[in-house]
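Only one structure is covered here, and it is reproduced in the block below.
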Amino acid sequence: MTPRVLPGIAAMAAIVVASNILVQFLFGQWLTWGAFTYPLAFLVTDVMNRVYGPGPARKVVLAGFVVGIACSLIGTQIHGEFGPLVTLRIALASGPAFLTAQLLDVAIFDRLRGGKWWRAPLASSLLGSSLDTALFFTIAFSASLVFLEPGNDVSWANEALPLLGAGPMVPLWVSLAVADWMVKLSLALLALVPFRAIVARLSAHPA
C-alpha cells in the first residue's frame, strides 16, 4: 500500500468511527449527530479520486468498509437501555449501504472528472448519498424486510406520522431518511469549498 493512500485511510477511519459513536446521540427530532459527520466520507473519497485516481479511492473506501464492519461488531456486544447498540438489521444495512454508495461515488466521479471542477464531486456525492440513505433506512427499518431479523421489533419505526411533522402520513423511518438525505445534500454543496482547497494543496505538494 502506497504512503499516499494512508492519510485518506486514516481520515476515512476517523469519520466512520466518529459517525458510529455520534449516531447514538439525537439532534432534534429527526436526526442524530452522526448525520453531520458521516457525509464527510464522500469528501474523503472524492479528494482521493481527484488527486490519486479511482484505484486509491477504492482502497480508501474498502478500508472504511472494514472499519465500519468492526464498529458494527463491537456495537452488537454493547448493550444500552433498549438492547444492543447495533442490531443485526443495522449491521446488515450499514455495511452494504456504505460500500455500494461509495463505489458508485468513485465510478461517477471518474466518469465526470474531465468536466468543470465542481461537477464530478457534486454529482457523485449527491447520487452516492441518495443511494446510501435509501439502502440504509430501507434495510434497517422497513416493515417489508422484517424477515432479516424477526426478533428485532421495528414497529416504532413504522408508526404512521406526518412527513417531518408537516407532510403526508408516512412511516416514521421515511421522515428519518428524508431528514438524513437533506443533510447529506446540504453538506455535499458545502463540501465543495474544502474539496477545492484540499485538492489544490495536495496537487501542489504530491506525496
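Sequential numbering from 1 along the given sequence is applied to the chain's residues.
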Checklist entry - What is the ring orientation for W117 with F195, classed by angle as parallel under 30°, tilted 30 to 60°, or perpendicular over 60°? => result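 It falls in the parallel class, under 30°.
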Item to check | Parallel, tilted or perpendicular, as decided by the 30° and 60° cut-offs, for the rings of F42 and Y38 | outcome: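 Answer is perpendicular, since the angle exceeds 60°.
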Item to check | From L104 atom CG to T45 atom OG1, the distance as rounded to the nearest 0.5 Å | outcome: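 It is 11.5 Å, given to the nearest 0.5 Å.
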Item to check | L122 side, atom CG; L189 side, atom CG - distance, nearest 0.5 Å | outcome: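 Nearest 0.5 Å value for the CG-CG distance: 5.5 Å.
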Note, [X] side chain near [Y] side chain (heavy atom, < 4.5 Å):
X    : Y    : answer
L135 : P96  : no
L103 : V61  : yes
V170 : S175 : yes
V16  : F98  : yes
R50  : L202 : no
T138 : L145 : yes

Checklist entry - Tell me, which pairs form a salt bridge (Lys or Arg N to Asp or Glu O under 4.0 Å) where one or both residues lie in residues 182-196, sequence neighbours left out? => result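 For residues 182-196, and leaving out neighbouring residues, the salt bridge (Lys or Arg N to Asp or Glu O under 4.0 Å) pairs sorted by first residue read D132-K184, D180-K184.
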Output yes when a side-chain donor or acceptor of [X] lies under 3.5 Å from a complementary backbone atom of [Y], and no otherwise.
X    : Y    : value
R58  : V106 : no
N158 : A143 : yes
S129 : L126 : no

Item to check | Under the salt bridge (charged side-chain N to carboxylate O under 4.0 Å, His left out) test, residues paired with D46 that sit two or more places apart | outcome: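 Applying salt bridge (charged side-chain N to carboxylate O under 4.0 Å, His left out) to D46 gives none.
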Next on the checklist: For R119, give me all partners under salt bridge (charged side-chain N to carboxylate O under 4.0 Å, His left out), at least two apart in sequence or on another chain.
Outcome noted: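 Once residues adjacent in sequence are excluded, R119 has no partner under the salt bridge (charged side-chain N to carboxylate O under 4.0 Å, His left out) criterion.
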Checklist entry - Of all residues at least two apart in sequence or in a different chain, which pass the side chain to side chain donor-acceptor pair (under 3.5 Å) check with S19? => result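 Result, side chain to side chain donor-acceptor pair (under 3.5 Å) vs S19: T37.
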Next on the checklist: W181: which residues meet the side chain to side chain donor-acceptor pair (under 3.5 Å) condition with it, sequence neighbours left out?
Outcome noted: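 Counting only residues at least two positions away or on another chain, W181 forms a side chain to side chain donor-acceptor pair (under 3.5 Å) with S130.
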Item to check | Pair listing, side chain to side chain donor-acceptor pair (under 3.5 Å) test, anchored in residues 159-170, at least two apart | outcome: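 Every candidate side chain to side chain donor-acceptor pair (under 3.5 Å) pair involving residues 159-170 fails, so no pair, neighbours aside, qualifies.
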Checklist entry - Do W33 and F27 have ring centres separated by under 6.0 Å? => result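 Ring centres of F27 and W33 closer than 6.0 Å.
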